[in-house]
Amino acid sequence: MVLARALQRLLVQLRPSIFQTVKPSMASETNVVDTATVMAAVAPSNTEKRPAEEDGKKGEEPETKKAKTEVTSANETSAAANKEDKVKKFVKRKVALLLSYSGVGYYGMQRNPGPYPTIEEDLVKALLKTGAIPQDHARFMGKMSFQRCARTDKGVSAAGQVVSLKMLLLDNIENKLNEHLPPSIRVMGIKRTTGSFNSKHNCDYRTYMYMLPTFAFQPVDQLTTENYRLPAEKITEVNELLTQYLGTHNFHNFTSGKPFKDPSAMRHIKEFTCSEPFLEDYMEFAILRVRGQSFMLHQIRKMIGLILAIVKGVAQKSTLQKAFGEDKLDIPRAPGLGLVLEMVHYESYNNKWGNDGLHEPLTWEDCKAKLDDFKKSHIYPVIIEKEKREKAMMQWLSTLPLHTYDVQGKHNPMRSALETLNEAKKKAKLESDTSQSGEDSQDGKTSNNSGTETKPEEASVQPDCASKDEATQVTNDKKPDSEPTKPSEKSATELVEPSETSTATPSVENAEQTSNTNKDTTNQAVTSDLDKGSAETSETEGVAR
């Protein structure tokens, strides 16, 4: 009613003539009609716009509905992805993977950035190609909980390396992995483990073997040849020395960068033996086996290097016990060619989980035949062939006398000895060249003196000799018995004093001062010799005349 009255008042103001002619009795009816007319006039304006707006938006959903649809589709996609991830996580399992490889041509086991080939790099590529791991796991190995038991160095091989990781247990996965691996790397077995298994932390002991030619034990006072055969008493001596490594000791002298007080330098050795020698390609080899909890960088190679030095007679037997002390000693490091990780042991894990009915013990008894075949076909032949071609052990043995096996100085004694030898060789060559030039100068001065001192009136004396050759013969016959002393030419080894090999290398200024002093001394000696030679030559010419 309020709206109708308001519209009525509006119409009265706009159309007064119309309402003035209308009869009072029809006022209510006119009001109704006019109200309806006004409402009808106003309504079409809105209804006419609606079809145009609806035609432009035909086929489109409202913004609210559209947003709800997008959120729903995104949620469905996320749910599908989560469902797929749940499926993948469901089939992933923690496994222990037994690996054998020849380390020749590789820069160690651990994956490193750069173009350097490693064992892990080839293994991850094979896992990715077979579909055992997704792409992001190949880039970030921590997502699959990847862990190696031992980090072998460059050139070091392994017959029983174990890695733990989470992967999809596909059908015939072992053969599929080997199809994508080079012949020098083989997967020997895969076994399910507990979810918390870690191949490094759960390992109790590691067994390494070191294959070397037996001429490495030949005494230093004998000529070292490849025909040497290791006698039984020498094997006994080696095994007696190896027993001194057993137990818990501080092995800071058998690694790099660890001080004596570092707790991690304490290591436990359970077994260390030397096996009977065997012939391979007309060369005799022996194998040293060491079993310990864990080993530091270069530890095994230095332990073997010191044993070889003692057996050959280059170092004293007391050096071995001294190496466990606080002093830092100069100990040689054996070549890495013959070092092989033979097997890793999980005794505590097997005792706890190996017989629970769900997991298998990690003893790898069913893989021993394959491991032996791989060692005979890919590890032993490579070591023997490379040793015969490059003679790594033979060359290394020649450096043993350069070590002091005593407290290290400021610099490496071996490097100091080599630098001292090089300086001595340069000094000897300089003296030799100076002596040669002095002899040439002496010959030239002799000829000049004879030409200047011969006078015309003395020419009549020369016919006493039948010819110039006879005069020369007379001169040679009348030479004094004592020749002028020439500068001594010492060999490089004679110039090296024993004390120089164990001291630090002199500075550049001292070396230059020493070199200048030697040159001055040599020049004075040459000048003195030339003066003596000139005087004697003049005297000899007088006799000849």
Exercise. What's the verdict on side-chain contact (heavy atoms from CB on, under 4.5 Å) for T243 and F272, showing C-alpha distance, side-chain angles and the deciding distance?
Worked result: CA-CA 7 Å; T243 56; F272 209 159; over 6 Å; no
What is the ring orientation for [X] with [Y], classed by angle as parallel under 30°, tilted 30 to 60°, or perpendicular over 60°?
X	Y	value
Y245	F324	perpendicular
F278	Y380	tilted
H249	F251	perpendicular
H359	W353	perpendicular

Side chains of [X] and [Y]: closer than 4.5 Å at any heavy-atom pair?
X	Y	answer
K375	D372	yes
Q135	L128	yes
V238	L241	no
L306	F254	yes
L341	V156	no
K302	T255	no
K191	D366	yes
L371	L98	yes

For this session: Check step by step if side-chain contact (heavy atoms from CB on, under 4.5 Å) holds for M109 and E120.
Result: CA-CA 6 Å; M109 171 68 183; E120 286 183 3; 3.7 Å; yes
With no hydrogens and no angle check, do the side chains of [X] and [Y] hold a donor and an acceptor under 3.5 Å apart?
X	Y	result
D204	H345	no
K92	H137	yes
Y101	D122	no
Y349	T193	no

In Å and rounded to the nearest 0.5 Å, what is the [atom1] to [atom2] distance from [X] to [Y]?
X	Y	atom1	atom2	answer
L212	W396	CG	CH2	9.0 Å
F285	M393	CZ	CE	9.5 Å
L288	L339	CG	CG	10.5 Å
I307	L242	CD1	CG	5.0 Å
I173	T130	CD1	OG1	4.0 Å
M167	I133	CE	CD1	8.5 Å

More than 12 heavy atoms of other residues, nucleotides or ligands under 6.0 Å from [atom1] of [X]: yes or no?
X	atom1	result
Q316	CD	no
N355	CG	no
K328	NZ	yes
Y116	OH	no

Problem set entry | Test log, rule salt bridge (Lys or Arg N to Asp or Glu O under 4.0 Å), inputs K129 and E179 | CA-CA 10 Å; K129 290 178 181 179; E179 290 177 359; over 6 Å; no
Sidechain-backbone polar pair: [X] side chain, [Y] backbone, donor-acceptor under 3.5 Å:
X	Y	value
R186	N178	yes
S157	S102	no
N253	D327	yes
R291	Y208	no
K312	Q218	yes
S199	Q147	yes
S432	A428	no

Nearest heavy atoms of [X] and [Y], plus distance in Å:
X	Y	result
E174	M188	OE2-O, 3.3 Å
F295	I300	CD2-CG1, 3.6 Å
G105	P117	O-CG, 3.6 Å
K258	S264	NZ-OG, 2.7 Å
C149	V344	SG-CG1, 3.4 Å
Y106	P182	OH-CG, 3.6 Å

Exercise. Charged N to carboxylate O below 4.0 Å: is that the case for K322 and D406?
Worked result: yes
Problem set entry | D373/K376 salt bridge by N-O under 4.0 Å criterion | no
For this session: Identify the residue among Q299, R267, K200 that makes a side-chain hydrogen bond (donor to acceptor under 3.5 Å, both in side chains) with S294.
Result: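 In the set Q299, R267, K200, the residue that makes a side-chain hydrogen bond (donor to acceptor under 3.5 Å, both in side chains) with S294 is R267.
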Which pairs of donor and acceptor atoms, one on a side chain in residues 224-236, lie under 3.5 Å apart (sequence neighbours left out)?
| residue | atom | partner | partner atom | Å |
| --- | --- | --- | --- | --- |
| E226 | OE2 | K391 | NZ | 2.8 |
| R229 | NH1 | N227 | O | 3.3 |
| T236 | OG1 | A232 | O | 3.2 |

For this session: Check the pair V314, Y405 against side-chain contact (heavy atoms from CB on, under 4.5 Å), reporting the backbone distance first and the verdict last.
Result: CA-CA 9 Å; V314 180; Y405 306 95; 3.6 Å; yes
For this session: Would you check, one step at a time, whether the test side-chain contact (heavy atoms from CB on, under 4.5 Å) holds for K427 with E431?
Result: CA-CA 6 Å; K427 187 189 298 184; E431 291 181 355; 4.1 Å; yes
Exercise. If you draw the axis of the six-membered ring of W364, does the NZ or CZ of K370 fall within 45° of it and under 6.0 Å from the ring centre?
Worked result: no
